[in-house]
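To start, the structure itself, in structure tokens.
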Amino acid sequence: MAKPGLPQGTRDFASETVRKRAYIFNSIRNVFETYGFQPLETPAMENLETLMGKYGEEGDKLIFKILNNGLDNPAKHEAARNDLEKVLEGKSVKSFTERALRYDLTIPFARYIATNFGQLTMPFKRYQIQPVWRADRPQKGRYREFYQCDADVVGSKSLLIEAELANIYHSVFKQLRVPVEIKINSRKILGALAVVCGGPDKMMDITIAIDKLDKIGLDKVKEELADRGLNPEQVTIIERYLLISGSNTERLAELKALIGENDLGIHGIRELEFLLQFLPATVTDTLVTDFTLARGLNYYTGVIFEVKAIDVQIGSIGGGGRYDDLTGLFGVPNVPGVGISFGVDRIYDVLDELKLFPENVATGTKVLFFNMGEEEAKAAFSLMQTLREKGIAAEIYPDQVKFDKQFKYADKKDIPYAVIIGSEELANETCVVKSLKQGSQQILAHAGLVDFDWS
RNA sequence: GAGAUCGUAGCUCAGUUGGUUAGAGCGUCAGUUUGUGGCACUGAAGGCCGGGGGUUCGAGACCCCUCGGUCUCCCCA
């Protein structure tokens with residue numbers, strides 16, 4: 001029989017991995033909580049129309065759609081046959097699919113804001129830790145099911161929030177001991193560049209091209225810009241823009257010379273300047289202005305973030321930004337928001353590679369009670385319950401088998417203590433407590449077991 | 001969506017220019033050892049060589065198709 005497999009890009013997590021992942025989730029959750037964010041959970045699936053058109057053309061293709069039930073109903077056959085042509089053209093048709101798996105946490109959040117608008121106290125701060133699904137081709141650091149940890153604030157235009165979010169990035173990665181670089185930019189700066197070179201409608205073309213700078217190099221970027229219809233003069237301006245270097249303040253000064261005449265540009269520059277002044281040096285040390293940073297999602301309008309682990313060859317491990325009118329798409333205009341996201345699966349890979357997981361994440365069973373027969377097991381069982389009630393993880397070997405086997409079981413599961421109650425101990429109301437790490441053992445009265453130091 | 005590469009035991013992999021009955025290590029199970037584990041030794045189980053077709057006297061190996069894994073591009077966490 002063929003062995004059952006897993007859908008492409010999905011994974012099982014064995015106990016140790018689950019524990020390590022929980023360590024990351026908890027670190028992030030704790031920081032979110034201390035910054036006053038409240039948890040939210042939304043369904044795995046949304047109505048397809050909630051999701052479609054929110055992530056750009058590429059994004060739409062990567063949404064996992066759910067086939068409608070009841071297609072076998074004869075009454076629906078004619079409609080389905082008529083719609084089949086559209087499906088084959090790659091369109092989404094209600095008679096075939098009306099629901100889809102969540103693609104990220106931001107759009108479901110926006111939908112939540114829109115559906116509950118009257119009842120939320122603004123500014124509304126929520127965090128959300130849930131899996132999302134993308135029909136992407138899996139590759140290194142990239143899966144079809146992965147978790148996002150988002151924190152968003154809606155209902156305020158204050159840059160204080162951006163500052164706070166940058167601070168969250170800083171404290172989470174400090175806590176996890178991952179050296180990172182937090183790149184910042186503003187969509188307004190990119191917008192200003194577009195205005196200066198060929199008009200606002202060129203913004204997408206320009207950002208897509210310059211975003212690739214560190215991957216394909218300056219010459220290729222210039223080539224791509226020309227291909228996208230920019231004239232040589234405009235390409236030269238962009239080249240100057242890309243060559244901006246130095247410290248954050250130096251870069252901003254150079255940028256001013258280039259797009260400082262433009263209103264949008266001035267605003268964008270001010271946003272970054274504010275962050276760099278507002279935050280303490282310990283945080284700004286990890287902040288790096290990067291004017292090539294674009295971020296794919298097309299709803300961003302202001303400051304954008306991206307976090308990269310230093311010295312690890314993996315994509316970004318977090319990103320986010322300001323979106324001034326996200327819920328407008330759902331009929332609730334003028335709700336500004338800012339959000340950030342942590343890519344847990346990649347953070348895991350980084351911690352693993354850098355060996356940054358603490359050793360004690362893998363705490364399992366503390367005590368194994370040996371099974372020495374029915375009467376003995378009965379005594380062991382009730383003693384074990386007293387330990388469990390005190391919060392000490394304990395288990396009893398279910399079968400009466402050779403010592404050898406019970407010891408090996410404890411070894412494999414890394415259980416530090418064995419408690420042995422045989423016929424002799426049963427008669428004396430004692431038990432043998434053996435430390436498997438040290439090999440030492442002692443005899444305790446049954447009553448003394450609870451007070452034993454199991455650490 | 002485009003491309004590269006790999007599929008042999010539960011896992012990691014050998015397997016010569018195509019040549020008898022496909023191997024190793026680890027793991028599993030049993031025994032040495034029925035109240036003291038990790039070590040050691042002995043033995044066993046475990047394979048339609050991913051699937052289908054073709055070339056050949058002969059295919060794990062070569063060719064075609066297909067499925068799956070991994071990686072790259074696009075895009076993204």
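Just so we're on the same page: letters track the sequence lines, and every chain starts at 1.
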Please state how far atom [atom1] in [X] lies from atom [atom2] in [N], giving the value in whole angstrom units.
X	N	atom1	atom2	value
Arg144(A)	U70(B)	CZ	P	11 Å
Phe369(A)	G37(B)	CZ	P	21 Å
Lys434(A)	G35(B)	NZ	C1'	10 Å
Asp136(A)	U70(B)	CG	C1'	15 Å
Gln139(A)	A77(B)	CD	C1'	12 Å
Lys405(A)	U28(B)	NZ	P	10 Å
Arg137(A)	C73(B)	CZ	C1'	11 Å
Arg11(A)	A77(B)	CZ	C1'	11 Å

At under 4.0 Å between heavy atoms, what does [X] touch on the DNA or RNA strands: base, sugar-phosphate, or nothing?
X	result
Tyr143(A)	base
Glu425(A)	base
Ser341(A)	nothing

State which residue, out of Phe25(A), Phe32(A), Tyr147(A), fulfils the ring-ring contact (aromatic ring centres under 6.0 Å, His included) condition with Phe342(A).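 The passing option is Phe32(A).
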Given the options Phe407(A), Tyr409(A), Tyr417(A), Phe370(A) meets ring-ring contact (aromatic ring centres under 6.0 Å, His included) only with Phe407(A)
Suppose we define a pair by two distances each less than 3.5 Å, Watson-Crick or G-U wobble; what does [N] pair with here?
N	answer
C48(B)	none
A24(B)	U12(B)
G1(B)	C73(B)
G7(B)	C67(B)
G60(B)	none
C41(B)	G31(B)

[Y] backbone acceptor or donor facing [X] side chain under 3.5 Å:
X	Y	answer
Asn248(A)	Val288(A)	no
Arg187(A)	Ile304(A)	no
Arg111(A)	Thr50(A)	no
Asn68(A)	Glu98(A)	yes

Counting side-chain heavy atoms from C-beta on, which of [options] comes nearest to [X]?
X	options	result
Arg134(A)	C76(B), G35(B), U36(B)	C76(B)
Asp411(A)	A77(B), G37(B), G35(B)	G37(B)
Lys408(A)	G37(B), A77(B), G35(B)	G37(B)
Phe403(A)	G1(B), A77(B), U36(B)	U36(B)

Going by heavy atoms in the side chains, are Leu176(A) and Tyr23(A) under 4.5 Å from each other? yes
Taking C-beta and beyond as the side chain, do Arg126(A) and Val154(A) meet within less than 4.5 Å on heavy atoms? no
Atom [atom1], compared across [N] and [M]: separation rounded to whole Å:
N	M	atom1	result
G10(B)	C49(B)	P	12 Å
C62(B)	C29(B)	P	37 Å
G51(B)	G60(B)	P	11 Å
A77(B)	U5(B)	C1'	25 Å
U20(B)	G15(B)	C1'	15 Å
C63(B)	G43(B)	P	41 Å
A45(B)	G38(B)	C1'	24 Å
A59(B)	A22(B)	C1'	13 Å

Just to verify, what does Arg388(A) make a salt bridge (charged side-chain N to carboxylate O under 4.0 Å, His left out) with, not counting sequence neighbours?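 For Arg388(A), no residue satisfies salt bridge (charged side-chain N to carboxylate O under 4.0 Å, His left out) once neighbours in sequence are set aside.
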May I have the step-by-step check of side chain to side chain donor-acceptor pair (under 3.5 Å) for Tyr300(A) and Asn185(A), ending in yes or no? CA-CA 11 Å; Tyr300(A) 291 128; Asn185(A) 192 17; over 6 Å; no
5' precedence on RNA chain B between Ala410(A) and Gly318(A) (nearest-nucleotide basis):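 Mapping each residue to its closest nucleotide by heavy atoms, the 5'-most match is Ala410(A).
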Below 3.5 Å, does any donor atom in the side chain of [X] face an acceptor in the base of [N], or the other way round?
X	N	result
Gln441(A)	G37(B)	no
Arg346(A)	C76(B)	yes
Asp404(A)	G37(B)	no

Can you tabulate the close N/O pairs, meaning under 3.5 Å, that link protein atoms to atoms of nucleotides 67-69 of chain B?
residue: G69(B); atom: OP2; partner: Gln8(A); partner atom: NE2; Å: 3.2

Lys412(A) side chain N/O closer than 4.0 Å to the phosphate oxygens (OP1, OP2) of U28(B)? yes
G31(B) phosphate, OP1 or OP2, under 4.0 Å from Lys402(A) side-chain N/O: yes
Phe407(A) ring over G38(B) six-membered base ring, under 5.5 Å and 30°: no
